[in-house]
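Structure, as structure tokens:
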There are 2 protein chains.
Amino acid sequence: MPKKSVPRPCACTSIKKLSRVLGRVYDAALATSPINVTQLAILRCIDRSKSQPLTHVAEELEMDRSSLYRALDPMVRDEWLKIAAGTDARSLTAVITHKGYRLLEDAGEQWEQVQTRVVERFGRRKWAAFVAEVDRLRGCANAPEEENL
Amino acid sequence: MPKKSVPRPCACTSIKKLSRVLGRVYDAALATSPINVTQLAILRCIDRSKSQPLTHVAEELEMDRSSLYRALDPMVRDEWLKIAAGTDARSLTAVITHKGYRLLEDAGEQWEQVQTRVVERFGRRKWAAFVAEVDRLRGCANAPEEENL
DNA sequence: GGCATAATGATGTGTATACATCATTTATAG
DNA sequence: CTATAAATGATGTATACACATCATTATGCC
């Protein structure tokens, strides 16, 4: 029986390439704000996860905990948010400041423009289907390796 | 006429999340080699772009030139490749060493395993279609903004 | 040839991301 | 209750990525 060929191209490399392109385009669109697209995503996630421990935010964003903590540093420094005690004695939670909310609004408008432009070009209908496949691929990658079952 | 809603979720954030997951999974699969998936992609690209200027490699990978140069530093330090004069007096080119080729082989085997595992789960047929959409989205994002035509 | 412009690299700075490791605190097993 | 394990954060180190800027070397136009 002929051995199946390895499927190409590299899933990781393809997505990283796309990630770089989108990052540049979205950051360029947000350039009038001091915030970039990663920080916007974090801010939005914190807004959705009020009083949740930071670990929860990291999980939502599929980030390593330490990556999130490092990303928060400049945002705390610039007073977009502050760190407060959580429900636990060990956990902390992030709280968005007034400045942070203002940024969320301002950057949100810029984001809407670039997001609409990109997705309209791609096709709204196809976009919904594509996002579903993105999520499914994430699951395929994340699923534990079922070794010798 | 009702204004159309902004399509969600954020294209950039969705892809960055997927990128983080895939990066972790592929890097874990390559952990027995000293090379990570980004470096593997660069090495492969250099292999395909023999005697081309570094700028060309950066373009292929959708990377900023400076990002590529920085990424090459540890690879040159560890002697996976060396930098040689290009066809120009101004351009340089990267040359893979024996060590680099050995790594390309060793890591290639690990890569095949994780790539096959992830794509088989996703479905080979669907994978081909998905890759096409990834490329199309990249084009949609990269296309210049047609302002006031 | 001479000048303006492109291409190519190099470098300073700043954020993004992860892994390993350590300390503290909570939860769990016995 | 105690010993162990798990959760949460903090930090050291390393790579990933981009923008702005500068120097050098082509290229094109006159």
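Quick note on labels: first sequence line is chain A, next is B, and so on, each numbered from 1. Quick caveat: nothing in here was measured; it's all calculated off a predicted structure.
Here the side chain of Glu62(A) pairs no donor or acceptor atom with the backbone of Leu18(B) at under 3.5 angstrom.
Map Ser67(B) and Thr93(A) each onto its nearest nucleotide of DNA chain D; the residue landing nearer the 5' end is Thr93(A). Comparing Pro53(A) and Asp27(A) along DNA chain D, the residue whose closest nucleotide (by nearest heavy atom) sits nearer the 5' end is Pro53(A). Place Asp78(A) and Val21(B) on DNA chain C by their nearest nucleotides, and Asp78(A) ends up nearer the 5' end.
A donor and an acceptor atom never sit less than 3.5 Å apart when one is taken from the side chain of Arg24(A) and the other from the base of dA18(D). With hydrogens and angles ignored, no donor-acceptor pair under 3.5 angstrom links the side chain of Ser66(B) to the base of dC17(D). Under 3.5 Å, the side chain of Arg70(A) and the base of dT13(D) form at least one donor-acceptor pair of N or O atoms. Arg65(A) contributes a side-chain N or O that forms a donor-acceptor pair with the base of dG9(D) under 3.5 Å.
Anti is the glycosidic conformation of dA16(D), whose angle departs from 0 by more than 90°.
Spacing between atom CG of Leu22(A) and atom C1' of dA16(C) amounts to 16 Å, rounded to whole angstrom units. Across the protein-nucleic acid pair, Leu61(B) atom CG and dT15(D) atom P stand 18 Å apart, rounded to whole Å. Separating the CZ atom of Arg90(B) from the P atom of dT5(C) is a distance of 16 Å, rounded to the nearest angstrom. Here dA10(D) presents its C1' atom at 12 Å from CG of Leu54(A), a figure rounded to the nearest Å. Residue Leu68(A) contributes atom CG, which lies 14 Å from atom P of dC19(C) at whole-angstrom precision. Per the geometry, CD1 belonging to Ile42(B) stands 12 Å off P belonging to dT15(D), to the nearest Å. We find that CG of Asp88(B) is positioned 8 Å from P of dG9(C), with the value rounded to whole Å. Separating the CG atom of Leu40(A) from the P atom of dA16(C) is a distance of 12 Å, rounded to the nearest angstrom.
If you check every strand for non-hydrogen atoms under 4.0 Å, Asn36(A) touches sugar and phosphate atoms only. Here Asp73(B) lies out of heavy-atom contact (under 4.0 Å) with every strand.
Taken to the nearest 0.5 Å, the CG atom of Leu81(A) stands 10.5 Å off from the CG atom of Leu104(A).
When the shell of 6.0 Å around CZ of Arg77(A) is examined, it contains more than 12 heavy atoms from other residues, nucleotides or ligands.
dT11(D) and dA20(C) make up a base pair, with Watson-Crick or G-U wobble contacts both under 3.5 Å. The partner of dT25(D), taking Watson-Crick or G-U wobble pairs whose two distances both stay under 3.5 Å, does not exist in any strand shown.
Listed nucleotides dT8(C), dT25(C), dA16(C) differ in distance to Ala89(A); the shortest reach to its side chain belongs to dT25(C). Counting only heavy atoms from C-beta on, Lys16(B) has its side chain closest to dT17(C) among dG9(D), dC19(C), dT17(C). Among the nucleotides dC19(C), dG9(C), dT25(D), the one closest to any side-chain atom of Leu92(B) is dG9(C). Distances from the side chain of Tyr69(A) to the nucleotides dG9(D), dA6(D), dA18(D) place dG9(D) closest. Taking only side-chain atoms of Ala71(A), from C-beta outward, the nucleotide of dA16(C), dT17(C), dT15(D) with the closest atom is dA16(C).
Using a 4.0 Å cut-off, no side-chain N or O of Thr55(B) falls inside it from OP1 or OP2 of dA7(C).
Across all non-hydrogen atoms, the minimal contact from Lys17(B) to Leu61(A) is CG-O, 3.4 Å.
Between Arg102(B) and Glu105(B) there is no salt bridge, since no side-chain nitrogen of the basic residue lies less than 4.0 Å from a carboxylate oxygen of the acidic one.
With a 4.5 Å cut-off on side-chain heavy atoms, Pro34(A) and Leu103(A) count as touching.
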